[in-house]
Protein chains: 2
Amino acid sequence: MSLTHAPAGAVRQGSLRELNLALVLGRIAAADRPPSRADLATATGLTRATVSAVVEDLLAGQLVSESDPAPRSGAGRPARGLVLADQGPAGLGLEVNVDYLAVCVVDLAGQVRHRTVHRADLRPVAPADALAQLVEMAGVARDDATGQGLTLVGAALAVPGLVDDAGLVRLAPNLGWRDVPVPALLAAHPPLVEQVPGVPVLVVDNEANLAALGELHSRPPGPSSFLHISGEVGIGAGIVLDGALFRGVRGWSGEIGHLPVHPEGRACRCGGQGCLEQYAGQEAIVAAAGLARAELPADTATARLAELAEAGDADALRALHDAGTALGVAVAGVVNLLDLDTVVLGGGYAALAPWLCPPVLAEIASRVLTAAWSPVTVRPSTLGAEAAAVGAAGSVVRRIVAQPAGWLARSG
Amino acid sequence: MSLTHAPAGAVRQGSLRELNLALVLGRIAAADRPPSRADLATATGLTRATVSAVVEDLLAGQLVSESDPAPRSGAGRPARGLVLADQGPAGLGLEVNVDYLAVCVVDLAGQVRHRTVHRADLRPVAPADALAQLVEMAGVARDDATGQGLTLVGAALAVPGLVDDAGLVRLAPNLGWRDVPVPALLAAHPPLVEQVPGVPVLVVDNEANLAALGELHSRPPGPSSFLHISGEVGIGAGIVLDGALFRGVRGWSGEIGHLPVHPEGRACRCGGQGCLEQYAGQEAIVAAAGLARAELPADTATARLAELAEAGDADALRALHDAGTALGVAVAGVVNLLDLDTVVLGGGYAALAPWLCPPVLAEIASRVLTAAWSPVTVRPSTLGAEAAAVGAAGSVVRRIVAQPAGWLARSG
DNA sequence: GCAAATAATTCAATGGCTGAACAAATAGCG
DNA sequence: CGCTATTTGTTCAGCCATTGAATTATTTGC
């Protein structure tokens, strides 16, 4: 999803308005204080007359609303501030993970307006049943959203696995899913969202990708290029380049868990040898720390590790240091390749960041050619748990912001 | 450089024509046979009236010319084919490398219209002297181009090293350059190219990046996302994603030579350990093959290797296999991360591809998670030597094609 | 030689932006 | 308290590029 939407085909008179609607709305979304029409005119280069006309359309379409004037010193007629509407279109975020189902609603401004999490071990549950339960949760979410004056205009589902263009989940190893036709299964249920031109009714995507998108749009705005690593049982990465998620040729980018860090090392489920996952995956860390894994559900394993590390447990500290070193080798490679200056540790890694960051930074310092000139930041994710669900919902509303014309055409 | 140029700021009436000029010109450039105005109308979605008007501008500006009608069966007035002009704007490509200087001129259609290579060991030559010699060669090239009816509208210089945004060569290890202010040094000479709005007079970029761009625009058109690896003394990669070169946050992407392939392995010049360069760099292969390196200039070393391998020399074959395996480990990591389906071996690797490809493919097959669903192609570069110079010149004319309005404004 | 077919151009109508003039609303100053 | 300077936002004529239909141009096939 590109933020600046380039018209692919013919550029006609109407495209002009479409592009300027997106331009103005994007400015309003990016501003840190409510801008006036005059501010927008100088920022965009449009005349005040045009901005007024564009804003009128946006107001009529419930995409922005006027707020209290931003305080200003000096003479002159006071400005009317413009903010993203807290009523109007909203995105539905869905997530199926190993040990929970999550649903949330995010409004235009990126605020989470509804959130439900249902904790349960999903591995023994059939995909259709899991999705049915998710739909039920989504129904409640929609009613809540409607009550708040929001209209759901699209949904995105995060899954911990490989998803193809059609929404088919090819493989979600930790969930035990294989070739699950999510769109077909969801089509059996009544529709959850309103159809809006330019916004797909349902997008199915990798959890790591959507978590990275959530990080991209979190406040305060961070860098526009970064690597977001979700460390769970598997290790996935979302690659954000120039403000857009890079999905790869087939949409299967980000499999950082299978970067070889010890080419002749431990065998991996993927068929390769010495994959990062075997050294920095949750199971590997837990085993190295000497914790019996069977007794621990996935989400409490990291909490327990953090607890032990906090208490100074030597085994836990060593396990985390070794995992961080392996992670650092992989990250150093990625940074050498892509020249990123920010790495975000998300998922289970977020809580372990205090112990993982130092060895990761050490590997970067010694292995990255350009580290001397361009320091690399490694930090935990700002979004907490269920980041993928929030990112999923956010990805829907970002589409509205990037192409408001579709929504406006709908609501007349 | 994005092919579809999204207007960053205000979209005014004139932008409309600018965008449609780019749209139509881009179609003409991408077509494999000269399209008629009617073809362009159906392809772009514009009306024939608009296409005629746009084409008139392009004809007046010497960007396209009418060709013999494309053969067509059936009744009706015959179409007039449109092709990119073989007179008009052209790009100047420059390259400084370890053992040669190269200059070339590429026209709108991507044809190389002039080419000069001067072989010499540039390591003992001061940067200012090397650039002065290059300028002299470029002067000859410009005169040749002018004689052919071409106007140079921009230049790009390829350097085997790290270049920052301002054109400062921070480090070119194999050339022995450090903090060389190329634009300042070239400013001392009379200008080589005409100034055109939207086209920088001089771009300095990494050799691997520009070689990748050359590959991107070579005929027949290949994939729009791929990894181009230049294997010389160092190993650099150009990463092309969705038809655009990915430069990274600082412009220092593609340092694949320093991907760790044996984290506890050989020490590398960069300060790291076990970098790919130590296992698949030219010096490493030559040493492993048992060739005395000192006697061989860089460009004959690979030729000699290929010769030996062709003859079945066991040491050479083993050295190439090991290098290919190391390369494969690194490439597998990249493919896992970026989900690319094409890897191009360029530079010194091109000639060694017959022996490098099999082990690279073997590593990909065993290490890439998605290899089973999405086969990865590994092939040698189609451009020969001096690919970077051709890519550099091509990058200039691609700007004209992407934003023709600037050139048209100039030539009135 | 005429009809059918395809290519390209002409021209009034339309939509959206610009620029300048105007209306609205406030602070500062005597 | 009233006047002026200042800034915001709106109105309106003019302009520009696209559209769509009608027109002209040029060939094939009967």
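Letters A, B, ... are given to chains in the order of the sequence lines, protein chains preceding strands, and every chain is numbered from 1.
B:L23 has its CG atom 13 Å from the C1' atom of D:dT18, to the nearest Å. When rounded to the nearest whole Å, the span between CG of A:L19 and C1' of C:dG15 equals 15 Å. A straight line from CZ of A:R80 to C1' of D:dT7 spans 13 Å, rounded to a whole angstrom. The CD-P distance, from B:E18 to C:dC17, rounds to 15 Å in whole Å. Across the protein-nucleic acid pair, B:R17 atom CZ and C:dG15 atom P stand 20 Å apart, rounded to whole Å. Nucleotide D:dC15 holds its P atom 19 Å from the CG atom of B:L16, rounded to whole Å. In this entry the distance linking CG of B:L21 with C1' of D:dA17 reads 11 Å, nearest Å. We find that CG of A:L59 is positioned 14 Å from C1' of D:dT10, with the value rounded to whole Å.
Two residues, B:N20 and A:R37, neighbour DNA chain D, and the one matched to the more 5' nucleotide by heavy-atom proximity is A:R37.
The phosphate of D:dT7 (OP1 or OP2) has no side-chain N or O of A:S36 nearer than 4.0 angstrom.
Electrostatic pairing of B:D205 and B:R247 counts as a salt bridge here, judged by a charged N lying under 4.0 Å from a carboxylate O. The pair A:E194-A:R142 does not meet the salt-bridge criterion, since no charged nitrogen lies less than 4.0 angstrom from a carboxylate oxygen. A salt bridge does not link B:D165 to B:R250: none of the charged nitrogens lies less than 4.0 Å from a carboxylate oxygen.
Taken from CG in A:L63 to CG in A:L58, the straight-line distance is 6.0 Å, to the nearest 0.5 Å.
Scored by the side-chain hydrogen bond (donor to acceptor under 3.5 Å, both in side chains) test, B:R113 finds B:D107, B:Q148 as partners (sequence neighbours excluded).
Side-chain atoms of A:S52 do not come within 3.5 Å of backbone N or O of A:A49 as any donor-acceptor pair. At least one donor-acceptor pair closer than 3.5 Å links the side chain of A:T44 to the backbone N or O of A:L40.
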B/S/- along nucleotides 18-30 of chain C (protein heavy atoms under 4.0 Å) is BB----BBBS---
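Counting any heavy atom pair closer than 4.0 Å across all strands shown, B:S52 reaches a base atom.
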